[in-house]
Amino acid sequence: MDIIETPARSPVDWPGLDGVPERRFRLLAVGDVRIEVRALLPGLRFTELTSDRLAYAPARALVAGTAVNLARRAAGYFRDVGVLARIGDDDFTHVIRRELRRLGLRDLLRVEPGMPNGVTMMLRDGSETGGRGVRLLVAEEDSANRLLSERDVRDAAAEIRGADVLSVDGYALLSPVSRAAVLRAAEIARLSGTLVAFDLVPHDIDARLPASEVIPMLRLADVVISEAPTIARLLGRPATMIGSAEVRGLVPALDEAVPAPARPLWLLRFGPGSLEYVLARRRDGLLLEYPTGYGEGVERIGFGDRLAAGELFWWAAARASR
């Protein structure tokens, strides 16, 4: 597949960031499913907090996590979107399943008996306008998400083989159990012709895992989505990736880390907020750079998932047109 043959200049031109009139293809999202509390603290900086503070601010609770966040956006492009994850067994379990039904997502969830669902708190301060302040993300570490197993993946093997795109992310690599599971899922996908998309998160994954624990997934992936500074740090390179020249200079390190015959499509986000531009690059083929539309006045929360969903549909459509 050579995506440069698509009629649109970039996935932001087509299919765009807001879905398509005629949905196509099947996507299976594997990752975290959590209950998340989000709050924006306008006019308040974290650095100003020197004592206890009560702040009245916009806040809400929702079903989130890497798998749901992407699947919610992908449902605007793909005709069939499934979510595979291991969740807890508590009062939130029904809430999670009800939300998947409301979103039109197929529920492939596995329940871990006696274990609570993971809870995340996301606080963003008012140090910048447009909801772009400093983010504090507090995630419960010992949650059922980390227990997705190879058996869970084997049980879902037919779903993986039947998908056009399998999406996984780096949070699963943080636990040996779920790491083995997503590697197995990627192997099943590769053998069956299902395309593997890997989102390199968390953005400080280099501080949490050695590169040797991440590179096996990079070598199995057909596409890797990453903020350029994240992959640069993981590969031991300078992480000042704001301009196009610096990002293009990272290409030799990518080829060295993931040598032929692997040919992943790298979608590298960069710019002042690490989200304004994308360098799409594939060995011996595609080299494309495009603006994402992110900028002043654009909500940051969820933008990366909107962009990724459009890019994955663009990618699947290019493959189908060959």
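Keep in mind the model is a prediction, meaning the values are calculated, not measured.
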Discussion item. Check the orientation of Phe313 and Phe78. Use parallel for under 30°, tilted for 30 to 60°, and perpendicular for over 60°.
Written reply: perpendicular
Response to the item:
On a heavy-atom basis, the closest approach of Pro264 and Val224 is CB-CG2, 4.2 Å
Fill in: Donor-acceptor under 3.5 Å (Thr194 side chain, Leu166 main chain)
no
Worksheet entry | Crowding at OH, Tyr171 (>12 non-hydrogen neighbours, <6.0 Å) | yes
Worksheet item: Any sub-3.5 Å donor-acceptor pair from Asp222's side-chain atoms to Val196's backbone N or O?
Response: yes
Discussion item. Is any side-chain heavy atom of Phe46 closer than 4.5 Å to one of Leu41?
Written reply: yes
Discussion item. Rounded to the nearest 0.5 Å, what separates atom OG in Ser10 from atom CD in Glu311?
Written reply: 8.5 Å
Discussion item. Tell me the closest heavy-atom pair linking Gly302 and Arg73, and the distance in Å.
Written reply: O-NE, 4.0 Å
Response to the item:
Rounding to 0.5 Å, atoms CG (Leu28) and CG (Leu105) come to a distance of 11.0 Å
Worksheet entry | Leu173 reachable from Ile215 in the ILVMFWY side-chain graph, under 4.5 Å edges | yes
Worksheet entry | Cluster overlap Leu84 with Leu147, hydrophobic side-chain contacts below 4.5 Å | no
Discussion item. With a 3.5 Å distance limit and no angle check, can you tell me whether Arg233 reaches the backbone of His203 through a side-chain donor-acceptor pair?
Written reply: yes
Worksheet item: Between Tyr77 and Gly19, is there a donor-acceptor pair closer than 3.5 Å when you use the side chain of the first and the backbone of the second?
Response: yes
Discussion item. Please check: side-chain N/O of Arg34 versus main-chain N/O of Gly118, any donor-acceptor pairing under 3.5 Å?
Written reply: no
Discussion item. Before you tell me yes or no, could you show the steps for Phe198 and Leu218 under side-chain contact (heavy atoms from CB on, under 4.5 Å), namely the whole-Å CA-CA distance, both residues' side-chain angles and the distance that decides it to 0.1 Å?
Written reply: CA-CA 7 Å; Phe198 176 61; Leu218 298 180; 3.8 Å; yes
Discussion item. Do the side chains of Asp18 and Arg306 get close enough for a salt bridge, i.e. N-O under 4.0 angstrom?
Written reply: yes
Item to complete: Give a yes or no on whether Ile188 and Leu191 share a hydrophobic cluster (residues Ile, Leu, Val, Met, Phe, Trp, Tyr; joining criterion: side-chain heavy atoms under 4.5 Å apart).
Response: no
Practice prompt. Would you give the length of the straight line joining atom CG of Asp164 to atom CZ of Arg79, rounded to the nearest 0.5 angstrom?
Written response: 7.0 Å
Practice prompt. Output, in order, the C-alpha distance, side-chain angles, deciding distance and verdict of salt bridge (charged side-chain N to carboxylate O under 4.0 Å, His left out) for Asp32 and Arg146.
Written response: CA-CA 8 Å; Asp32 283 3; Arg146 300 169 67 90; over 6 Å; no
Discussion item. Does any part of the side chain of Ile231, heavy atoms only, come nearer than 4.5 Å to the side chain of Leu254, both counted from C-beta?
Written reply: yes
Discussion item. Quick one, Val165 and Trp315 - any side-chain contact, counting heavy atoms below 4.5 Å?
Written reply: yes
Worksheet item: Which atom names give the shortest non-hydrogen contact between Pro116 and Asp90, and what distance separates them?
Response: CA-OD2, 3.3 Å
Discussion item. Hydrophobic clustering (ILVMFWY, side-chain heavy atoms < 4.5 Å, transitive) - are Val68 and Leu62 grouped together?
Written reply: no
Practice prompt. Could you tell me whether the side chain of Arg38 reaches within less than 4.5 Å of the side chain of Arg124, counting heavy atoms only?
Written response: no
Worksheet item: Less than 4.5 Å apart, any side-chain heavy atom of Arg97 and any of Val111?
Response: yes
Discussion item. If you count every heavy atom of other residues, nucleotides or ligands that lies below 6.0 Å from Phe25 atom CZ, does the total exceed 12?
Written reply: yes
Worksheet entry | Exceeds 12 heavy-atom contacts within 6.0 angstrom, atom CE of Met121 | no
Discussion item. Does any part of the side chain of Phe270, heavy atoms only, come nearer than 4.5 Å to the side chain of Leu250, both counted from C-beta?
Written reply: no
Practice prompt. Could you tell me whether the side chain of Arg283 and the main chain of Asp255 form a donor-acceptor pair under 3.5 Å?
Written response: yes
Practice prompt. Check whether the side chains of Thr66 and Asn69 place a donor and an acceptor atom closer than 3.5 Å, and report yes or no.
Written response: no
Worksheet item: Who passes ring pair (Phe, Tyr, Trp, His ring centres under 6.0 Å) against Phe303, sequence neighbours left out?
Response: Tyr294
Practice prompt. Start with the C-alpha distance between Glu112 and Asp89, add both sets of side-chain angles, then the distance that settles side-chain contact (heavy atoms from CB on, under 4.5 Å), and finish with yes or no.
Written response: CA-CA 6 Å; Glu112 185 68 22; Asp89 178 20; over 6 Å; no
Worksheet item: Does the Arg86 side chain pair with the main chain of Ser149, one donor and one acceptor, at a distance under 3.5 Å?
Response: no
Practice prompt. Begin from the C-alpha positions of Glu150 and Leu183 and carry the test side-chain contact (heavy atoms from CB on, under 4.5 Å) through to its verdict.
Written response: CA-CA 9 Å; Glu150 290 188 77; Leu183 286 169; over 6 Å; no
Worksheet entry | Contact summary for Ser321 and Ala318, nearest pair of heavy atoms | OG-O, 2.8 Å
Worksheet, complete the sentence: Looking only at heavy atoms, the pair that brings Arg23 and Gly76 closest together is CG-O, 3.7 Å
Fill in: Rounded distance (nearest 0.5 Å) linking atom CG of Leu103 with atom CD of Glu99
4.0 Å
Practice prompt. Please report the shortest heavy-atom distance between Ala239 and Pro229, naming the atom on each side.
Written response: O-CB, 3.5 Å
Worksheet item: What do the steps show when you test Arg184 against Glu187 for salt bridge (charged side-chain N to carboxylate O under 4.0 Å, His left out), and what is the final call?
Response: CA-CA 5 Å; Arg184 181 63 182 138; Glu187 289 168 353; 3.5 Å; yes
Worksheet item: Is any NZ, NE, NH1 or NH2 atom of the basic residue among Arg106 and Asp80 found under 4.0 Å from an Asp or Glu carboxylate oxygen of the other?
Response: yes
Practice prompt. With salt bridge (charged side-chain N to carboxylate O under 4.0 Å, His left out) as the test, would you mind laying out the steps for Glu48 and Arg53 before giving the verdict?
Written response: CA-CA 10 Å; Glu48 297 171 351; Arg53 179 78 64 91; 5.4 Å; no
Worksheet item: Are Leu307 and Trp14 connected in a single hydrophobic cluster, I mean Ile/Leu/Val/Met/Phe/Trp/Tyr linked by side-chain heavy atoms less than 4.5 Å apart?
Response: yes
Discussion item. Determine whether a donor-acceptor pair (N or O, by modelled atom type, separation under 3.5 Å) exists between the side chain of Glu36 and the backbone of Thr120.
Written reply: no
Worksheet item: Does atom CG of Asp204 have more than 12 heavy-atom neighbours, drawn from other residues, nucleotides or ligands, at distances under 6.0 Å?
Response: yes
Worksheet item: Within a strict 4.5 Å, meaning less than it, do heavy atoms of the Leu174 and Pro202 side chains meet?
Response: yes
Worksheet entry | Min side-chain heavy-atom separation Arg248-Leu287 under 4.5 Å | yes
Worksheet item: Does the side-chain contact (heavy atoms from CB on, under 4.5 Å) test come out yes or no for Glu289 and Val247, once each step is laid out?
Response: CA-CA 11 Å; Glu289 187 176 313; Val247 178; over 6 Å; no
Discussion item. Can a side-chain donor-acceptor contact be found between Thr93 and Asn117 if the only test is distance below 3.5 angstrom?
Written reply: yes
Worksheet item: In Å and rounded to the nearest 0.5 Å, what is the CD1 to CG distance from Ile87 to Leu109?
Response: 4.5 Å
Discussion item. Once rounded to the nearest 0.5 Å, what's the spacing between atom CG of Leu49 and atom CG of Asp125?
Written reply: 8.5 Å
Practice prompt. Spell out, as yes or no, whether a donor-acceptor pair under 3.5 Å connects the side chain of Arg110 to the backbone of Leu108.
Written response: yes
Worksheet item: Picking from Asp107, Leu70, Ile96, Val33, what satisfies side chain to side chain contact (heavy atoms under 4.5 Å, CB included) with Val83?
Response: Val33
Worksheet item: With no hydrogens and no angle check, is any side-chain donor or acceptor of Ser178 less than 3.5 Å from a backbone partner on Ala172?
Response: yes
